[in-house]
J.: 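Below are the C-alpha cells for one structure; questions will follow.
Quick note: numbers below take in every heavy atom, side chains included, and nothing from hydrogens, waters or symmetry partners. Computed from a predicted model, the values in this text were never measured in an experiment.
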Amino acid sequence: MKPPRANGYRDAWCGGFSAGDTDAPARVAGWVHRRRDHGGVVFIDLRDRSGLLQLVFHPDRAPEAHQLAHRLRPEDVLSAAGTIVRRDPENVNPQLPTGEVELAVSDVEILSDADTPPFPIDEEVAVDEVLRLRHRALDLRREGMAEMLALRHRVIAAMRAYLDERDFLEVETPILTRSTPEGARDFLVPARISPGTFFALPQSPQLFKQLLMIAGAERYYQIARCFRDEDSRADRQPEFTQLDIEMSFVEEDDVIELIEGLMHRVLSVGGLGLPAPPWPRLPHAEAMERYGSDRPDLRFGMEIHDVSELVQGSDFKVFENVLGSGAGVVRALNAGPQGAAMSRHELDELNEFVQAYGARATAPMPVTEEGWGSNLAKFFSPEQVAAVNQRLGASPGDLLLFVADRASVAAAALGALRLELGHRFGLVPAGRHQVSWVVDFPMFEYDEAEGRWDPLHHPFTQPTGDLADPGALRARAYDLTIDGWEMGGGSIRIHSPEVQREVFRAIGISDQEAQERFGFLLDALRYGAPPHGGIAFGIDRIVALLGGRESIRDAIAFPKTASGLDPLTGAPAAVDERQLRELGVRLAGGAPRTGDAGTR
RNA sequence: GGGGGCGUAGCUCAGAUGGUUAGAGCGCUGCCCUGUCACGGCAGAGGCCGCGGGUUCGAGUCCCGUCGCUCCCGCCA
C-alpha cells in the first residue's frame with residue numbers, strides 16, 4: 001500500500017515496516033489486536049488494514065506511554081509514535097511480515113476505547129452467523145472477512161480493467177423499473193406519484209442491455225445489482241451482483257472466447273489456477289445424463305450411466321413398469337468399494353435422500369464374483385448383469401446404485417446422490433478445480449403443472465430449429481460452470497421482432513400481452529436491431545469460490561440471512577401509517593407482526 | 001409451503017438411560033510478572049439451558065407448540 005499522507009494520526013501503515021526501516025521515526029494508528037502485558041514491558045499488536053505491527057512500551061524509557069499501555073484493551077483505537085527498532089535475532093517473529101522490527105513507543109494517544117467485543121476479532125473461530133451479521137462492522141475486521149472484501153475488490157477491478165482494455169462501455173441501468181412477469185417474483189416499490197401503481201426492482205438488466213445494443217453501444221458491461229424475491233440458498237440471496245455483458249454483431253464463439261480470457265484472468269487474480277482456454281464444452285443433454293445436473297461438478301468421476309436398454313426385459317417389476325410406460329429410464333452410478341462399505345442403515349438413509357428429489361428409492365446392488373449380491377439379482381439374466389457391470393466399469397467389491405424414474409427425476413436424484421457420495425467419500429482432491437461450458441440447451445421444457453412450454457434460459461434467447469415444434473428447438477445459450485457452481489450464463493439474443501413475438505406465443509403470451517409487457521423492447525427491435533448476445537456472471541459466487549467459502553454471504557459485505565432478513569438493520573420493518581397513506585397503501589392483514597428477529 | 005440439523009456462560013462447545021450445588025477451553029475482572037508474540041502465574045465474576053405450555057415427586061434432558069439460525073426440496077424466465 002502507498003504510504004498515507006502524514007498527519008497527526010499517522011505517517012505510515014502498520015504492515016509496511018521491515019528491517020530496512022530500522023531507526024526511522026514513525027507514527028501509526030489502528031486497533032489493538034492483542035496485548036501482552038508483562039507488568040514491566042508491554043507489547044501491543046496494532047492492526048490496520050495493511051497488517052500488524054508490534055508496539056513495545058518500556059517502563060523506564062517512556063514511563064507515561066507505558067502507564068497508558070496498561071489500560072489498553074483489545075479493539076481500542078490509538079495513535080502511537082516512536083522509533084522503528086530492529087529486534088534481537090532471538091526475538092524475531094517469522095510468523096509476522098513485520099516480525100523483524102517493532103515500534104518502540106515514546107508517545108501514545110487513545111482515540112477511542114472499545115467495549116469487549118461480542119466475539120473474538122483476533123481469531124478465526126466459527127461464530128453464530130446472526131451475531132456476526134448483527135455486529136458486521138466487527139465481523140469485517142476479522143482477517144478472513146477483511147480478505148474477502150479485498151478479494152472482491154480485486155475481482156471487480158480485474159473485470160473492469162479487462163473490459164476497459166477491450167473498449168467496453170460501463171453503463172448504469174434503472175433500479176426502479178417495470179415489473180415484467182415471468183421468471184422470479186419481483187420486489188415491488190409503491191409509486192407515490194401514481195397511487196396504486198408500482199415500480200419493480202430489476203431481476204437483471206436484460207432488456208436494458210438489449211436496448212443499449214439497439215442504441216449502438218456495441219460493447220456494454222455493468223456491475224449490476226439484481227433482485228429476485230425468492231427463497232435464499234447458500235449460493236442465492238434476494239439481492240446479488242452480476243457482471244452483466246452484452247455485445248453486438250457476435251456469435252457464440254465471440255462471447256465464449258472473450259469470457260474465457262476474462263475469467264482466466266479474474267480467477268488467477270483470485271489465486272485459482274485453471275487450464276488455459278479454450279475450455280471444454282459439454283452438451284446440456286450429456287451433462288444431465290452423466291452428472292444429473294446442468295452445472296456438473298467435474299472434479300471427480302462416479303458418472304451416471306443410462307442402463308435402460310441393458311435391463312430391458314428383466315423380471316424386475318419396478319424397472320419394467322418404468323421402462324414399459326416408455327416415460328422412464330433406469331440409470332445407475334458406481335459408488336465403488338466405499339459404497340459397498342456402507343451399512344444397511346446408511347443405505348436406507350440414501351432412500352430418504354433421493355426421495356427429496358422425487359425418486360421413490362435407490363436400489364443398491366453389490367457386485368460380487370458371482371454377479372450381484374442382492375436378492376433382486378435373480379430378476380436379471382447373467383448377460384444383463386455383465387452388460388451393466390461393463391457399462392459402469394464395475395468390478396467385484398463395488399456397489400451400484402440404481403434409480404428408475406422419469407428421466408428428469410432419475411437425473412436429479414442420481415446427480416444429488418453423486419455429489420453427496422463424492423463429498424462423503426472425499427473424492428474431490430483439495431486444490432482441484434474444473435471448469436466447463438454447458439451448451440446446446442433445449443429452448444423450452446414442458447411444465448406439466450402449468451401445461452405450457454417454459455424457456456430454460458429466458459424468452460429473449462435466440463432459438464434454432466422449427467418454431468412450430470417447441471420441444472425440438474435448441475437455444476443459442478451457454479453457461480459457465482466451475483466445480484459444480486453455475487458461475488454465469490448467457491445467449492445470443494433474438495433481434496427480430498417477429499421471432500420474438502413467436503417465442504412469446506410459444507410460451508403462451510399473446511401478441512397483445514407481449515405488447516403490454518415488453519412493448520418497449522418489441523418497438524425498439526423494429527428500428528434496426530443488430531444481432532447481439534451476451535452473458536452475466538454471479539460475482540458473489542465467483543468471490544465465494546475464490547475465497548474457498550461455502551456461502552456467498554461471506555462474499556457480500558452486508559448480506560441477508562437465509563430467511564431473507566437483515567439482523568443488522570432489522571430490515572424488513574414496519575413503516576409509519578403516514579408513509580402508507582402517502583403511498584395509497586393499506587395493509588390487508590392490519591398491523592404487521594413485529595418478529596423478534598435474531599433473538600437467541 | 002415441506003424435510004433434515006442446530007439453539008446450554010460474552011464466544012466455541014460437553015452435559016447416556018429424567019435426579020439434588022449445570023461443566024470445560026477461550027474471553028472478561030483483579031493482583032503478580034521487563035522480551036512476549038495463542039506470553040505466563042494466582043484469584044474471581046459470569047447461566048430465563050431460545051420462548052410458551054404440558055407430563056412427572058422432580059425436566060437442560062421427555063411431549064406439544066412457537067421463535068430464530070442453517071442445509072436441502074419446492075421456487076429461482
J.: If you take atom types as modelled and just measure distance, does the side chain of A:R34 reach the base of B:U36 with a donor-acceptor pair under 3.5 Å?
T.: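 For A:R34, whose side chain was compared with the base of B:U36, there is no donor-acceptor pair (under 3.5 Å).
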
J.: Does A:R553 make a side-chain N or O approach to OP1 or OP2 of B:C71 shorter than 4.0 Å?
T.: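 It does, given that an N or O in the side chain of A:R553 lies less than 4.0 Å from OP1 or OP2 of B:C71.
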
J.: Tell which nucleotide pairs with B:U17, taking only Watson-Crick or G-U wobble pairs whose two distances are both under 3.5 angstrom.
T.: none

J.: Please give, in whole Å, the distance from B:G3 C1' to A:Y357 OH?
T.: 11 Å

J.: B:G4 and B:A77: how far apart are their C1' atoms, nearest whole angstrom?
T.: 30 Å

J.: In whole Å, what is the span from the CG atom of A:D122 to the P atom of B:G10?
T.: 19 Å

J.: Establish, for the pair A:R178 and A:F518, whether the NZ or CZ atom is under 6.0 angstrom from the six-membered ring centre and no further than 45 degrees off its axis.
T.: no

J.: Let's test this: given Watson-Crick or G-U wobble pairing with both distances under 3.5 Å, identify the partner of B:C69.
T.: B:G5

J.: So for atom CH2, which belongs to A:W31, do other residues, nucleotides or ligands contribute more than 12 heavy atoms lying within a distance under 6.0 Å?
T.: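 No, because the 6.0 Å sphere around CH2 of A:W31 holds 12 heavy atoms or fewer from other groups.
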
J.: On RNA chain B, check which nucleotide each of A:E550 and A:R73 is closest to and give me the residue with the more 5' one.
T.: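 Between the two, 5'-proximity favours A:R73.
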
J.: Identify, residue by residue, the members of residues 49-59 of chain A with a heavy atom below 4.0 Å from RNA chain B, and return them in order of residue number, or none.
T.: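 Close to the strand are A:Q54, A:H58, A:P59.
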
J.: Report all side-chain donor-acceptor pairs from residues 346-357 of chain A shorter than 3.5 Å, counting only partners two or more places apart or in another chain.
T.:
| from | atom 1 | to | atom 2 | distance (Å) |
| --- | --- | --- | --- | --- |
| A:E346 | OE1 | A:S343 | N | 2.8 |
| A:E346 | OE1 | A:S343 | OG | 3.4 |
| A:E349 | OE2 | A:H345 | NE2 | 3.1 |
| A:N351 | OD1 | A:T362 | N | 2.8 |
| A:Q355 | NE2 | A:R360 | O | 2.8 |

J.: Can A:D37 and A:H70 be counted as having a side-chain donor-acceptor contact under 3.5 angstrom?
T.: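 On atom types as modelled, these side chains qualify, holding a pair under 3.5 Å.
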
J.: Ring centres within less than 5.5 Å and planes less than 30° apart: is that true of A:F43 and B:U36 in this structure?
T.: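 The base of B:U36 is stacked with A:F43 (centres under 5.5 Å, planes under 30°).
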
J.: Respond yes when some side-chain nitrogen or oxygen of A:S563 is under 4.0 Å from OP1 or OP2 of B:C69, and no when none is.
T.: yes

J.: Taking the nucleotide of RNA chain B with the nearest heavy atom to each, does A:F119 or A:G358 sit closer to the 5' end?
T.: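 Taking each residue's closest nucleotide, the earlier one in sequence belongs to A:F119.
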
J.: Could you identify which residues of residues 407-423 of chain A place a heavy atom less than 4.0 Å from some atom of RNA chain B, listed by residue number, or say none?
T.: none

J.: Would A:S204 and A:Q242 count as having a side-chain donor-acceptor pair, cut-off 3.5 Å?
T.: no

J.: According to a strict under-4.0 Å criterion, is A:T116 in side-chain N/O contact with OP1 or OP2 of B:G27?
T.: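 So the side chain of A:T116 is outside the cut-off, no N or O lying under 4.0 Å from OP1 or OP2 of B:G27.
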
J.: Is there a side-chain contact between A:R36 and the phosphate of B:U36, meaning an N or O under 4.0 Å from OP1 or OP2?
T.: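 So the side chain of A:R36 is outside the cut-off, no N or O lying under 4.0 Å from OP1 or OP2 of B:U36.
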
